[in-house]
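The sequence lines fix the lettering, A, B, ..., with proteins before strands; numbering per chain opens at 1.
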2 protein chains.
Amino acid sequence: MRVEESIAIGELSRRTGVNIETIRYFERVGVLATPPRTSGGRRVYGTGHVRALGFVRRARELGFSPAEVRAILSLGGSAQASCSEVREIAAHHLERVRAKMEDLAQLESLLAATIDRCEGDGAASCAVIDLLDQPSSG
Amino acid sequence: MRVEESIAIGELSRRTGVNIETIRYFERVGVLATPPRTSGGRRVYGTGHVRALGFVRRARELGFSPAEVRAILSLGGSAQASCSEVREIAAHHLERVRAKMEDLAQLESLLAATIDRCEGDGAASCAVIDLLDQPSSG
DNA sequence: CTTGCTCCTGTAGTCACTACAGGATGCATA
DNA sequence: TATGCATCCTGTAGTGACTACAGGAGCAAG
């Protein structure tokens, strides 16, 4: 069998776009498996780590929380993860995305209308400031 | 002239819904004016502080960053703030809200489609996991 | 064997708060 | 006046998800 490629932390960082300090942080908090070390104490990664770290990065990019990432990884890593459980996490995440979209849509129309109302007025009261001054009707 | 109402920090907290510790924090970082003190060293607020803190809270609720809140406040407080400058900050904020909405919409359809594709399959590969495994096409 | 890059650990900084310890104040009641 | 209790004070440290730095060690090439 082939001996796996030896990848130093800097190289792993370059390949995945993840900060070196962040890689060590991920290891500390259990998001990335602890790699073996050289006799001198340096971390030695393999292509599996490249994939796993890419997986983590991608999940974070897609807005999964670190807790969710940990949950997915605890299901056995990207390859063996139980489909239905991962799907459930993703579905939950999707719900939150949709809720956030609604919030933002409301906020968008409120802000847009208010800014619009303000426009042109050089006068007395400012609609935007009034908006902020209201107790809580947003 | 009327002597202004004397409000203790706990009462201010109750009236505005802002945590006592957070009120002191706001004072430290310059988001809320430093109030006078009693001879014993206790903070004494007035109705102006109630309004100002409500203003800050409202702005945060609407998603303005602490930096933006500081910027608005530095324009002279809620009452005297220059309308056009506040409007500009709000407009900028609105742009960010819209950008975020677009991001979320993309993510929403990607997630929804992926989850949908996964459904029913008890088999081989999981669409959701595959999504996370891809390098960066989201 | 020295140069220079990469890597190591441990600690501390970031932001926007939140929480706690240990002690002082202030007000009402006995 | 004394006591009791709620509220308040400062200072420090914790949160989460990183990021940054200091001071030292590993390692490959010249």
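Distance, B:Glu21 CD to D:dG11 P: 14 Å, rounded to whole Å. Atom CD1 in B:Ile23 sits roughly 12 Å away from atom C1' in D:dC8 (whole-Å rounding). Between the OH atom of B:Tyr25 and the C1' atom of D:dT10 there is a distance of 18 Å, rounded to whole Å. Here the C1' atom of nucleotide D:dG16 and the CZ atom of A:Arg60 are 10 Å apart, to the nearest Å. At whole-Å resolution of the value, CZ in B:Arg28 and P in C:dA16 are 12 Å apart. As rounded to whole Å, 12 Å separates atom P of C:dG10 from atom CZ of A:Arg24. C:dT25 atom C1' lies 18 Å from atom CD of B:Glu11, rounded to whole Å. As a whole-Å value, the separation of B:Phe26 CZ from C:dC15 P is 15 Å.
Where B:Arg70 and A:Tyr45 meet DNA chain C, the nucleotide closest to each residue was compared, and A:Tyr45 sits on the side nearer the 5' end.
A pairwise comparison of heavy atoms in A:Arg98 and B:Ala112 identifies NH2-CB, 3.7 Å as the closest pair. Looking at every heavy atom in both residues, B:Leu104 comes nearest to A:Val97 through O-CG1, 3.9 Å. For the pair B:Leu107 and A:His93, the tightest heavy-atom approach, listed with the atom from each and the gap, is CD2-NE2, 4.3 Å.
In summary, B:Glu21 and B:Arg28 do not engage in a salt bridge, as defined by a charged side-chain N under 4.0 Å from a carboxylate O. Here B:Glu61 pairs with B:Arg58 in a salt bridge; the nearest charged N to carboxylate O distance falls below 4.0 Å. Salt bridge annotation for A:Glu11-A:Arg15: present, with a cationic side-chain nitrogen under 4.0 angstrom from a carboxylate oxygen.
A close approach under 4.0 Å does not occur between any side-chain nitrogen or oxygen of A:Arg57 and OP1 or OP2 of D:dC18. Listed pair A:Arg43 / C:dT6 fails the phosphate criterion, with no side-chain N or O lying under 4.0 Å from OP1 or OP2.
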Going 5' to 3' along nucleotides 24-30 of chain D, which nucleotides have protein heavy atoms under 4.0 Å from the base (write B), which only from the sugar-phosphate (write S), and which from neither (write -)?
-BBS---
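A:Gln106 places no side-chain N or O within 3.5 Å of a backbone atom of A:Asp103 that could act as its donor or acceptor partner.
The side chain of B:Arg37 has D:dC9 as its nearest neighbour among D:dC9, C:dT18, D:dC21. Of the candidates D:dC18, C:dA16, D:dT19, the closest approach to any side-chain atom of A:Thr22 belongs to D:dT19.
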